[in-house]
Amino acid sequence: MALTGQRIVVIGGSSGMGLATAHAAASAGAIVTIASSSGERVAAALAELPGTCDGAELDIRDEAAVADLFARVGELDHVVFTAGDRFTPRPLGEIPLEDARHTFDVRFWGSVTAAKYAAARIRPGGSIVFTTGTVGVRPAPGAALAAAGAGAIEGLTRGLAVDLAPIRVNAVRSGAVRTPMWDAVPEPAREGIFDTLAGRALTGAIGEPEQIAAAHLYLMENQFVTGTVTTVDGGFVLTGK
């Protein structure tokens with residue numbers, strides 16, 4: 001397998017898409033380090049991952065902590081970034097500017113910080129894979145800041161692919177996916193939202209974390225892909241629903 005013996009760091013790897021990616025990479029023979037803002041979630045994730053995996057509690061907003069993580073890991077092959085805060089749609093006029101700035105702290109500036117400290121340690125043939133969303137190309141009402149953040153990450157992907165070559169840099173643009181970030185929505189409202197989102201996709205379904213993980217693995221393994229944004233959304237962006 002292409003990832004056998006390779007060292008992979010998954011930031012945001014304790015749940016959802018990140019945890020699915022850690023499972024898939026470990027199953028493909030990789031040695032995986034997961035990092036998350038919650039030490040409890042890291043411990044729970046490691047309990048279900050193979051013994052070749054390890055993990056760390058990490059505040060991605062803390063530059064020194066990010067530098068320390070990559071110094072501890074040492075040489076590596078791939079970084080996958082899936083970390084992100086829950087976003088609540090709100091009209092821009094109702095959002096204090098300071099809150100608006102914080103919207104970019106984890107997803108965008110976290111991606112920048114991870115790339116900064118990982119790049120010098122990535123071995124030949126290695127890559128960085130970011131994770132963004134369809135909100136960047138098909139924003140919902142009240143999601144202008146989320147759309148701006150997604151667009152910024154996609155621009156960062158292309159720019160770093162040029163600046164960091166031959167390290168490959170790509171991104172997965174995810175559609176609606178069933179992850180623990182939805183747990184704050186009570187039942188049965190959550191299933192109602194899932195049904196609505198599924199009805200807006202050409203496939204008639206929302207995504208599962210394993211489907212995003214498969215895209216992450218493809219971008220890590222394929223040595224001829226860089227500077228791309230791979231959309232995994234069930235055809236959502238093609239519909240007018």
Side-chain angles (χ1 to χ4, degrees), residues 11-21 36-38 41 59-61 80-114 129-158 171-209 211-213 215-216 229-241:
I11 297 177
S14 66
S15 66
M17 294 181 285
L19 180 55
T21 299
S36 165
S37 60
S38 169
R41 288 202 305 269
D59 182 351
I60 193 64
R61 299 166 297 181
V80 179
F81 192 99
T82 67
D85 291 332
R86 185 177 292 107
F87 179 82
T88 302
R90 294 169 63 189
L92 183 61
E94 298 178 6
I95 305 174
L97 192 55
E98 190 63 23
D99 290 354
R101 291 191 179 102
H102 287 324
T103 301
F104 288 75
D105 283 350
V106 173
R107 293 184 187 273
F108 177 73
W109 288 113
S111 297
V112 171
T113 307
V129 185
F130 298 123
T131 310
T132 180
T134 53
V135 68
V137 293
R138 191 177 166 188
L145 290 176
I153 293 169
E154 294 185 10
L156 179 69
T157 298
R158 291 184 286 270
V172 173
R173 181 193 290 148
S174 168
V177 176
R178 193 188 306 269
T179 72
M181 291 194 77
W182 289 99
D183 289 352
V185 180
E187 294 287 8
R190 188 190 319 160
E191 287 303 320
I193 293 171
F194 288 164
D195 289 343
T196 298
L197 292 171
R200 293 175 180 170
L202 294 177
T203 58
I206 68 167
E208 300 295 338
Q211 293 165 325
I212 306 302
H216 286 147
V229 178
T230 299
T231 301
V232 185
D233 72 337
F236 171 75
V237 298
L238 298 178
T239 72
K241 299 178 183 179

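Note: hydrogens, waters and symmetry copies are ignored here, and every other heavy atom, side chains too, is used.
- Judged by distance alone, the side chain of Arg138 and the main-chain N or O of Phe236 form a donor-acceptor pair under 3.5 Å.
- Distance check, rounded to the nearest 0.5 Å: CD1 of Ile95 to OG1 of Thr103 gives 6.5 Å.
- The two residues Val172 and Ala215 make their nearest non-hydrogen contact at CG2-CB, 3.9 Å.
- Between Phe81 and Ile153 the shortest side-chain heavy-atom distance does not fall below 4.5 Å.
- With sequence neighbours excluded, no residue satisfies side chain to side chain donor-acceptor pair (under 3.5 Å) with Asp99.
- In terms of heavy-atom proximity, Val135 sits nearest to Ala140 at CG2-N, 4.4 Å.
- Once rounded to the nearest 0.5 Å, the distance linking CD1 of Ile60 with CG of Asp85 reads 11.5 Å.
- Contact annotation: the side chain of Leu202 approaches that of Thr239 to within less than 4.5 Å [non-hydrogen atoms, C-beta and beyond].
- Rounded to the nearest 0.5 Å, atoms CZ (Arg190) and CZ (Arg178) are 9.0 Å apart.
- Nearest heavy-atom pair across Ile206 and Gln211 is O-OE1, 4.4 Å.
- How far CZ of Arg200 is from CG of Asp195: 12.0 Å, rounded to the nearest 0.5 Å.
- Interatomic distance, CG of Asp105 versus OG1 of Thr113, reported as 9.5 Å (0.5 Å rounding).
- Looking at Thr132 and Arg107, their side chains never come closer than 4.5 Å, going by heavy atoms from C-beta outward.
- In terms of heavy-atom proximity, Thr157 sits nearest to Ala171 at OG1-CB, 3.5 Å.
- Closest of all the heavy-atom pairs between Pro141 and Pro89 is O-CB, 3.8 Å.
- Note that CG of Leu92 and CG of Leu145 are 5.5 Å apart. Values are rounded to the nearest 0.5 Å.
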What donor-acceptor contacts under 3.5 angstrom involve side-chain atoms of residues 11-18, with partners at least two apart or in another chain?
{"unit_1": "Ser14", "atom_1": "OG", "unit_2": "Ser36", "atom_2": "OG", "d": "2.9"}
{"unit_1": "Ser14", "atom_1": "OG", "unit_2": "Arg41", "atom_2": "NE", "d": "3.4"}

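- Residues satisfying the side chain to side chain donor-acceptor pair (under 3.5 Å) test with Arg173, not counting sequence neighbours, are Glu154, Thr231.
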